[in-house]
J.: 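Once you've had a glance at the structure underneath, I'll fire off some questions.
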There are 2 protein chains.
Amino acid sequence: MSVTLADVAARAGVSAATVSRVLNGNYPVAGATRTRVLRAVEELEYVVNGPASALAAATSDLVGVLVNDVADPFFGIMASAVQSEMSPVPGGGGGAGRADGPGKLAVVCNTGGSPERELTYLTLLQRQRAAAVVLTGGTVEDAAHTGALAARLRRLEAAGTRVVLCGRPPMDAGDAGPHPLTVAFDNRGGARRLTDHLLSLGHRSLGYLAGPAARTTTRHRLEGHRAALSAAGLGGDAERLTVHGAYDRASGYDGARELLWREPSLTAILAANDTVALGVCAALRERGLRIPEDISVTGFDDLPFAVDAMPALTTVRLPLHDAGAKAGRLALGREEGPPGGVTTFRGDLMVRDSTGAPR
Amino acid sequence: MSVTLADVAARAGVSAATVSRVLNGNYPVAGATRTRVLRAVEELEYVVNGPASALAAATSDLVGVLVNDVADPFFGIMASAVQSEMSPVPGGGGGAGRADGPGKLAVVCNTGGSPERELTYLTLLQRQRAAAVVLTGGTVEDAAHTGALAARLRRLEAAGTRVVLCGRPPMDAGDAGPHPLTVAFDNRGGARRLTDHLLSLGHRSLGYLAGPAARTTTRHRLEGHRAALSAAGLGGDAERLTVHGAYDRASGYDGARELLWREPSLTAILAANDTVALGVCAALRERGLRIPEDISVTGFDDLPFAVDAMPALTTVRLPLHDAGAKAGRLALGREEGPPGGVTTFRGDLMVRDSTGAPR
DNA sequence: CTGTTAGCGCATTCAG
DNA sequence: CTGAATGCGCTAACAG
């Protein structure tokens with residue numbers, strides 16, 4: 001049906017082994033036969049059979065990238081960065097031909113934030129004998145899932161698949177669990193700086209719109225916020241002024257209304273991320289409140305649209321691209337991890353127009 | 001090294017073939033042995049070897065989704081929709097067990113808009129013997145690339161891979177070329193309605209910020225715009241009032257400045273898409289121009305952030321999710337294409353606050 | 001319903 | 001430097 005190695009070999013008048021060696025370039029082959037083989041490949045429009053090659057070599061060139069939501073730029077940017085490291089010899093200028101084979105195929109898989117789908121994809125990737133897997137974004141904090149995930153990752157690593165966490169806190173799976181290379185964000189510190197900024201502006205009544213409960217990212221950002229509040233002696237009301245919701249615009253809209261209902265004298269609302277902040281702004285606008293004159297609003301992540309929001313959002317900038325790129329390099333083994341295996345990127349406060357002093 | 005089918009067979013006291021049949025569920029197996037096999041699979045933590053299975057069965061469960069930019073929600077939304085159709089038995093409620101196997105693995109590949117990378121990925125996917133390939137978004141209109149692409153798609157189809165175009169105009173590769181199933185957007189019509197809207201508001205001096213030249217999407221939107229202009233007898237100045245740029249915010253910013261330089265009396269600027277429109281708004285704001293009092297601005301696509309822009313963007317809504325979902329179903333053969341093979345989605349005008357009558 | 005027998009297409013020993 | 005032989009792990013005919 002399809003043209004195979006043997007066909008190419010016949011056409012070039014050599015053995016299949018030689019063709020294989022030419023194609024993989026990991027073995028000495030005479031220049032003359034080499035060009036002859038390459039010509040045959042061209043003429044026959046031969047394309048390697050990946051499965052067969054993976055079976056024989058016991059490895060594949062697939063790298064899985066798991067994201068909670070491809071449609072969300074937060075993940076899109078990281079995924080894009082991971083993938084940008086997969087091309088053959090990105091920086092390596094010298095020499096002829098490919099050095100690293102034809103490059104890895106980075107495949108992004110959408111888990112929708114569901115633990116089950118995350119596990120399903122990991123199984124699928126393990127079945128494909130993926131070369132590496134990058135898990136991006138926070139995860140659910142649930143004993144059952146954490147255990148299942150740790151088990152699956154252990155098996156993946158045992159099967160030779162490199163596992164890298166990106167934008168997810170380090171795993172602590174006890175003694176024997178896996179401790180994959182990790183690229184983390186300092187969500188706690190970023191949130192703390194954000195709240196401190198508001199406090200220094202004079203705000204004393206702050207509402208917090210948290211992400212879904214039981215997610216690492218949610219918890220860390222909330223902890224940073226609460227730490228700043230406690231340090232300022234404002235910890236008492238924190239619980240009442242926190243509302244949980246999804247990481248989307250609608251949650252911001254609904255959450256702002258709920259917060260204002262609970263405490264009409266709020267002078268600032270901190271949103272779980274930029275997208276949520278947009279929803280907050282919409283609700284506030286609808287209510288006739290001016291930002292930041294009547295109430296300040298903050299986001300988190302500094303996605304590209306944050307600067308174009310109305311008004312431009314004060315937020316915390318996460319180096320999503322850098323983190324993704326580093327994760328990609330770690331996944332390919334192109335870069336060593338630090339001693340502890342964990343690299344942490346800090347988030348910088350970006351002060352813009354959505355925050356100001358309270359009236 | 002790894003546990004294989006044979007190991008499971010031995011543990012369950014059956015033959016490898018039986019285990020295979022149980023796992024694939026496409027052949028009758030006695031209930032007793034079935035459970036016995038399943039238990040052995042559990043105990044051994046067995047995971048199918050994808051490459052081996054793909055080699056033997058001459059098919060794989062990979063579906064490739066090519067996008068120009070994963071970090072752009074335009075593509076993220078379509079990719080997410082395609083993938084949402086891949087899960088096992090999405091609607092099929094009845095019965096026990098999976099009906100369709102463990103579901104296809106949709107893999108998103110980032111071409112960065114580069115024709116070469118597009119071809120590279122198609123080769124990679126062909127090598128993986130992908131079950132289907134979905135090409136999203138517009139493409140470069142260049143004889144060389146079009147030819148190479150048509151050739152590669154023909155080979156893919158010959159190799160049994162289903163090819164679907166999504167958000168890309170139908171291919172016309174002459175007689176023998178491939179005519180893949182297509183889900184297209186009526187970019188021309190949408191652009192025309194947008195310009196007509198502005199004209200009916202009274203605008204007579206309109207600037208157009210086009211996307212990269214030689215791209216189908218760019219050309220179609222521009223054609224729609226020009227058609228509306230010509231119908232109103234305003235075609236003469238069109239060339240001078242058109243600036244090309246990338247589909248990003250920076251191009252909007254630079255382009256708006258260029259247009260205003262060329263023609264300070266402009267009362268409206270149409271951007272190639274929403275992201276570009278954000279850049280336009282930023283440039284205008286910087287110049288002290290009010291939107292829409294001094295100048296109207298429009299986007300295209302109606303991405304989620306369009307409604308939260310400053311001011312809310314008048315734009316054309318493209319049913320990105322629906323289109324992606326349909327493409328996914330076509331790719332899986334779950335749905336038949338229409339007679340001609342081409343489904344066209346129209347774009348609806350969304351009038352918001354960024355457009356108004358000229359002074 | 002189940003076991004046996006052959007390959008799928010390629011990478012890799014081992015000789016030459 | 002090159003060819004011949006072997007097996008990767010699984011599925012798909014065939015028989016039973």
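Letters A, B, ... mirror the listed sequences (proteins, then strands); counts begin at 1.
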J.: When you measure from the side-chain N and O atoms of Thr33(B) to the phosphate of dT2(C), is any distance below 4.0 Å, counting only OP1 and OP2?
T.: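 The answer is yes; a side-chain N or O of Thr33(B) sits under 4.0 Å from OP1 or OP2.
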J.: Write down the distance between CG (Leu23(A)) and C1' (dC10(C)), rounded to a whole number of angstrom.
T.: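 Atom CG in Leu23(A) sits about 11 Å away from atom C1' in dC10(C).
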J.: What's the closest nucleotide to the side chain of Leu55(B) if the choices are dT11(D), dG9(C), dA13(D)?
T.: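 Among the listed nucleotides, the one closest to the side chain of Leu55(B) is dG9(C).
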J.: Please name the pair of heavy atoms, one in Asn68(B) and one in Thr136(B), separated by the smallest distance, quoted to 0.1 Å.
T.: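 Smallest interatomic distance, heavy atoms only, reads OD1-O, 4.5 Å.
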J.: Between C1' on dG9(C) and CG on Leu44(A), what's the gap in Å once rounded to a whole number?
T.: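 Those two atoms, CG and C1', are 15 Å apart.
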J.: Whether Thr18(B) contacts dG3(C) is assessed here as follows: a side-chain N or O lying under 4.0 Å from the phosphate OP1 or OP2. Is that the case?
T.: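 So the side-chain polar atoms of Thr18(B) do come within 4.0 Å of the phosphate oxygens OP1 or OP2 of dG3(C), strictly under.
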J.: Given that Val19(A) and Arg34(B) both sit by DNA chain C, which one's nearest nucleotide is further toward the 5' end?
T.: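 Of the two residues, Arg34(B) wins.
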J.: Would you indicate which nucleotide in dG9(C), dT2(D), dG3(C) comes nearest to any side-chain atom of Ala56(A)?
T.: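 Closest nucleotide to the Ala56(A) side chain: dG9(C).
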J.: Where the side chain of Ala30(B) is concerned, which of dT2(D), dT2(C), dG3(D) is the nearest nucleotide?
T.: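 Nearest nucleotide to the side chain: dT2(C).
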J.: Using heavy atoms to find the nearest nucleotide of DNA chain D for Ala57(A) and Ser15(A) separately, return the residue whose nucleotide is more 5′.
T.: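 Per heavy-atom nearest nucleotide, the more 5' residue is Ser15(A).
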J.: Side chain of Ala17(A) only, please: which of dG9(D), dT12(C), dC10(C) is the nearest?
T.: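 The listed nucleotide nearest to Ala17(A)'s side chain is dT12(C).
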J.: Do Thr120(A) and Thr123(A) meet the criterion of a side-chain donor-acceptor pair at a distance under 3.5 Å?
T.: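 Per modelled atom types, Thr120(A) and Thr123(A) side chains form no pair under 3.5 Å.
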J.: Could you tell me the separation between the CZ atom of Arg129(B) and the C1' atom of dC8(C), rounded to a whole number of Å?
T.: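 Value for this atom pair: 11 Å.
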J.: Nearest-Å distance, CG (Asp7(A)) to P (dC10(C))?
T.: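 Value for this atom pair: 9 Å.
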J.: Can you find a side chain N or O atom of Ser20(A) that sits less than 4.0 Å from OP1 or OP2 on dA11(C)?
T.: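 Yes, within the criterion.
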J.: Is a donor on one side and an acceptor on the other found under 3.5 Å between the side chain of Thr161(A) and the backbone of Ala130(A)?
T.: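 Side chain of Thr161(A) to backbone of Ala130(A): a pair is present.
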J.: If you look at every strand shown and take non-hydrogen atoms under 4.0 Å, does Val14(B) touch a base, only sugar-phosphate, or nothing?
T.: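 Counting heavy atoms under 4.0 Å across all strands, the contact made by Val14(B) is with sugar-phosphate only.
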J.: Out of dT11(D), dG9(D), dG3(C), which has the shortest distance to the side chain of Asn49(B)?
T.: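 The listed nucleotide nearest to Asn49(B)'s side chain is dG9(D).
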J.: Measuring from the side chain of Ala52(B) (C-beta onward, heavy atoms only), which nucleotide among dT2(D), dC10(D), dC8(D) has the closest atom?
T.: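 Of dT2(D), dC10(D), dC8(D), dC10(D) is nearest to the side chain of Ala52(B).
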J.: Using modelled atom types only, decide if a donor and an acceptor are shared between the side chain of Thr182(A) and the backbone of Leu165(A) within a distance under 3.5 Å.
T.: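 Side chain of Thr182(A) to backbone of Leu165(A), a donor-acceptor pair under 3.5 Å: no, none is there.
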J.: Do the side-chain N or O atoms of Ser53(B) get closer than 4.0 angstrom to the phosphate oxygens (OP1, OP2) of dT11(D)?
T.: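 Checking Ser53(B) against dT11(D): at least one side-chain N or O falls below 4.0 Å of OP1 or OP2.
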J.: Output the rounded distance in Å from CG (Asp61(A)) to P (dC10(C)).
T.: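 In whole Å, dC10(C) P lies 14 Å from Asp61(A) CG.
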J.: Would you give the length of the straight line joining atom CE of Met86(B) to atom SG of Cys109(A), rounded to the nearest 0.5 angstrom?
T.: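 These two atoms lie 12.0 Å from each other.
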J.: What's the CZ-P distance between Arg21(A) and dT2(D), to the nearest Å?
T.: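 The distance from CZ of Arg21(A) to P of dT2(D) comes to 8 Å, rounded to the nearest Å.
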J.: Contact class for Leu5(A) (heavy atom, under 4.0 Å): base, sugar-phosphate, or nothing?
T.: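 Sugar-phosphate, no base atom in range.
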